[in-house]
Each structure stands twice: as C-alpha cells, then as structure tokens.
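Labels below follow one simple rule: chain letters A, B, ... track the order of the sequence lines, proteins then strands, and each chain is numbered from 1. Predicted, not measured: the structure shown is a model, and the values here were computed from it.
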Amino acid sequence: MSYLGTLAALFISTLYGFLVLRSLDKEKDIFFLESLALSYGIGLGLISLAMTLIALAGVKFSVFSILTVSLFVPLMMFFTKPKTGIKGPSIPVNFKPFEFLFLGFISWEVIYAFFRCLIKPVESYDAVAHWAFKAKAIYLFGGLPLDIFRRPAPADLIFTADYPWLLPFSQAYIYNFINNFDDFVSKMIIPLFFLACIILFYRLLKRRGLNRLHSLVFTFFLASIPQFNNYATIGYADLVLGFYYSFSFLYLYLWFRNGSKAFLFISGILTALAVYTKCEGMPLLLVNFTVFLIFVFSGKPFDKRKNTKNFIIYLLLVVALLIPALVLKKITSVGLENHTINTLALSGFQFGNIKRMPMILYSYQKQFFGIKRWNILWILFFGTAICRFKKLLESDKKYLTIGISLIFAGYTAVFILSPGPQEDLRTVSRLFLHFLPLIVFFVAEFLIPDRMKTDRKT
Amino acid sequence: MKFFKVIIVVWIIIWAWFFLRQFRINENLFSTYKNLLFSGNEEKRRLVFRENLYDFIKFSKQSIPPGSAYEVVGLEADSVDLVRLVYSMYPCLRSQEPEYILVYEQPGFNNKESNLHSLFNGKSFILKREK
C-alpha cells in the first residue's frame, strides 16, 4: 500500500508541476515526456515551497494544508493565462537496431538503479544524517517548528541546520500522504530524479540537433557513469541538485540559442529549486546569473535592451521563489553556522590559503583518471576541449564553456576558502555530480560536428 | 566519426567490465541482492544495518520510553553505525545529559552514577542514570 500511496503522492505533485508548465509553455514547445520529467522536479519543488510557507505560518503539515497551498500557484497561473495544448507523445516506431541496443542499455541502467535503491532502507551516512533524519523529525513533529534546532534536538542534526529543506520536505510529504513513516518508499524520489534526468537529457540533445542514435549514445554515457548511477540509489541530494542545476543551465543555454521563452522561465524555476536543494545551489545560481550577464553584454545594442529586461525578469523570478526558503533558513538556523563555508571562513581568508591549490588539483586529477567512477568521461571531456580548442569560445557555444569554467573556478574557490580542505576534498567526487549532465552535453556539443546536427529551432 | 565509434566501443567495454567486476570482487553480491529482494522490511534493515546492531537498536527502542534522552557508548563518533542508531532511535534524543546510556559491545563499561536498566547480551546493555 505504501508504494501505491507514494506513487499517488508523486502523481499529484507531478500534476501540479504539469499545470505550471502548461501555463508557461505558450508556444507548445515542450514535448510530452519532457513535460513529465520537468513536472516531476517542478512539482516536488512546488510542494517544498508550499511546506516552507506553511512552516513560516506556524501551521502543522497535513496532506490537506500541503496540497491546498501548493495548488494555489498552478491554479492562478493556469486560469490567468491562456491555456495551451500539448505537443503529443511522439512515439517513434521505426527504431534501428543500434538505437534499440542503446535504448536497452539505458533501460537496464534505470531498472538496475531502481532495484538497488528500493531493496534497501535509507542507510548511507548523509542520506540518514542530513535528509532522512530531518524528514522523520518533521513527520513525527507534524510540521517544522521554527525553533527546531534550539529546542532539545539530536546533537547530530544541528551541524546541518542551514541545509535546505527540499529533500526532507519531499520525504515528509510522502509520509504525510501515506500517513506512515516508511523510508523504503520515500527513497523512490531519487531514482525518479535519475529517470527524469535521463529523459530530459535525451530530449535536450535532440533539441540541439543531434540525431536519435547520437542522442541515445550520449544519454547512455550519462546513465552509465557509475558515480552518477550509484548516487541515484543511496538517498543523497547530490543527484537532485544535479538535476535542478544542470537543466537550469541547459534550458538557459538553449534559450540563448533562440529557444522558446518558456525555457527562460523553466531555467529560472529550476535555478531557484537548486538553491532549495543544497547549499551549493547558491554559488551555482551565481554562475547562471554571470553567464546571463555575459550574454546580455555581448549582444547587439537592440538585443542588449531586450535581454536586460529578460535578465531582470529572470532575476526577479528566482529571487521571488527563493525568499521563503531564505527566510526559513535564516529563522531556523539563527545562532548556528555552516561548518563548511561561511562569513567566518571568508573573513579568515589569507593569500596563504592558495597553498592548498596543489592538494586540490591532486584530488581533481584523481577523479579525472578514476575510470572506475567516471568511465572515460573526464578524459573525453578534456580530449574534446583540446581538439576543439578553437571552437570553445565561438558562437553561442561559448556560454557552455564559460559556465563550466565558472563552476570549476567557483568550487575551487570554495575549497581554497574552506577551513578544512583535506577533509572536505573527499566530497569532490560528489560535487562533480552537480554539473555532470553539463559535461556530457559539452562533449556531445563539441564532439559531434555542426554539419551532422539538424538545424532547427531549439 | 570512426573516432566516435572507437569511443563508444571503449566506453561499453569499460562499462561492462566494471559491472561484472563488482560481482567478482564481492562474490556475495548476487546472494545479498537475492536475500534483500525476498525479505520483509524488518529483515532488510537487519541485513543492511548488521544483525547485531539492528537487534540492539530494536531492543533499545523497546526498553526506554519514547522521547527519552540517551547517550551511546561503543560506537565510533561520526560513524555510520552511530548515525543509523540515532536515526532509528528518534524521537528518543541523543543528549549530553542523558537519562539512559546505551552501551554497545563494551562489556567492561561502568558508570558510577548509573544502574543497569536492561541487558541485551553479555556485551551490550542499557544503563539508567540516577537522578
């Protein structure tokens, strides 16, 4: 029964996300499966936003309160904007043998990920300590008391006090819906994000003009990266952040390439939800803003005015969605500090910290050559960058190069600033997951020559 | 595009190799999967948390009243075992001023301010602090 209840809960949240998406997609540019994958992420984000507002209002969580508050946004949008149809499910009937083969490989990876996830309870360190624990506490409390970290609470919870709430809220939503604490079923959230990643990634490659076989091959590359696949099974939030952030960037990138206006809004929503998921969402949000500003200022004067307006809309959308989360974080974690990077670490910065650089680069190269975790992705990435060096900063593709460079620079800066780099460097392999789809997309974008891509409106 | 075909072949070989290798390195992996697949939730938790630890957690949950404050002895600080115990024990709270001390596999452990509350086995037990 719990599995059915969980599926029903996720169906409703996805439906909410679907309503939001439909009202944004005036030009009917989003395909059916793409809609479903996006709706899943947006829907859970919406539930999380509603739970944030309910917590701030000091009201207890219940299925009724969560669903009522979260329904408000899609209903408003759906009825105040012209409704549009949907680009119907395009079921390809004439698959070629190799396409079938790669579709089979991808399906295997998805099924195996679900299998490994669902046969175990939540058991990995961070999954238990940071996310599942909070979800359990919220469910048993019946809500999120704003003084949760100041009343008698497990000491182990406190050092993650300023972690965002999307994942614990999503899990608590399921517990409320099935009216039972069952961490076997709430784990299902993560492999579903993995599946959504796979669907969206394939769709965006197609949007970039790759043919079906090439799109399937690169989607298989992404799905079969052991590190990516494993994190779909253990209940960590890194893959969830990878979903929100990577696709926020890719939709923005496709919008730069004359994509539909809906892509801009989708990117804004996903960017905000990345910040709802993990603290690392904040520097990643700055990367999106920076790339957007570079796009604005590198355009022609007429485009500059138009795109400045678009940037302001984007900024306002992201900030508006983030305000409840930031207020909640401020209230719940008052008097507590983030142990990784905070104002204290920033104020303690000295140029001597640069000495950490060799150690950081050493840990990076361990990942780059770690084929057990990454297959040959990083070798392929650097190989592609070297072979296509002259094209890296050409045309709109430069935004992809700049975005990835900024992410690397940003994460490296965090490692330089953070007080205990040796310890924190263990997380490098996890941090790379936050933008992994971008890396595979970069390889696809630069490895497959433009002449082999279909020139179409993205 | 020949180069691309080579990349695909290399990728698939590495992918298949590491997939099969996990079953060779961990010969019990297949039987572990099988056991997990055909077990109930309780049994799955026992298998994953380690039987002895899980049984101790279950025993502790039954032995102390909900919401009590406790401390743990015998599990390494920051270990995954400790985190699993704290998670499973909730709404009982781990505290620096505990009412109960959960002693896991530390037969010689003694605390002058505490009396034996319940015995799990010769090595693991629960102490209750005197007020």
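Here the side chains of E109(A) and W15(B) are in contact, with some heavy-atom distance below 4.5 Å. Side-chain contact between K120(A) and T32(B) is absent, with no heavy-atom pair separated by less than 4.5 Å. The side-chain heavy atoms of F98(A) and I8(B), taken from C-beta on, include no pair separated by under 4.5 Å. No side-chain heavy atom of F18(B) sits under 4.5 Å from any side-chain heavy atom of N375(A).
Within the 4.5 angstrom heavy-atom criterion, atoms from both the backbone and the side chain of L377(A) approach chain B. Contacts between E42(B) and chain A at a heavy-atom distance below 4.5 Å are absent for every atom of the residue. If you measure heavy-atom distances from F218(A) to chain B, the contacts under 4.5 Å come from the side chain alone. Within the 4.5 angstrom heavy-atom criterion, atoms from both the backbone and the side chain of V128(A) approach chain B. When heavy atoms are compared at a cutoff of 4.5 Å, W374(A) approaches chain B solely by way of its backbone atoms N, CA, C and O. For L447(A), the part lying near chain B is the side chain, with the backbone staying farther off; criterion is any non-hydrogen pair under 4.5 Å. F115(A) touches chain B through its side chain: at least one heavy atom from C-beta onward sits under 4.5 Å away, while N, CA, C and O do not. Neither the backbone nor the side chain of S39(B) comes within less than 4.5 Å of any heavy atom in chain A. Looking at P226(A), neither its backbone nor its side chain comes within 4.5 Å of chain B, counting heavy atoms on both sides. Residue contact with chain B, scored on non-hydrogen atoms closer than 4.5 Å, involves the side chain of F181(A) exclusively.
With values rounded to the nearest 0.5 angstrom, E123(A) atom CD is found 12.5 Å from R50(B) atom CZ. From Y112(A), atom OH reaches atom OH of Y33(B) across 3.0 Å, with rounding to the nearest 0.5 Å. In this structure, I7(B) CD1 and I379(A) CD1 are separated by 11.0 Å, a value rounded to the nearest 0.5 Å.
Taking the six-membered ring where the residue is Trp, the centroids of F105(A) and W11(B) are separated by 6.0 Å or more.
By the neighbour-count criterion of 12 heavy atoms within 6.0 Å, atom CZ of F30(B) is sparsely surrounded, having that number or fewer from other residues, nucleotides or ligands.
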task: Step by step, work out the ring pair (Phe, Tyr, Trp, His ring centres under 6.0 Å) result for Y125(A) and Y87(B).
output: CA-CA 10 Å; Y125(A) 192 99; Y87(B) 170 66; over 10 Å; no
message: For F220(A) and I12(B): C-alpha separation, side-chain torsions, deciding distance, then whether side-chain contact (heavy atoms from CB on, under 4.5 Å) applies.
response: CA-CA 10 Å; F220(A) 161 67; I12(B) 291 174; 3.9 Å; yes
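Between chain B and the residues D182(A), L140(A), D126(A), the largest count of heavy-atom pairs under 4.5 Å involves L140(A).
Scanning both residues, P121(A) and K44(B), for their nearest heavy atoms gives CD-O, 4.4 Å.
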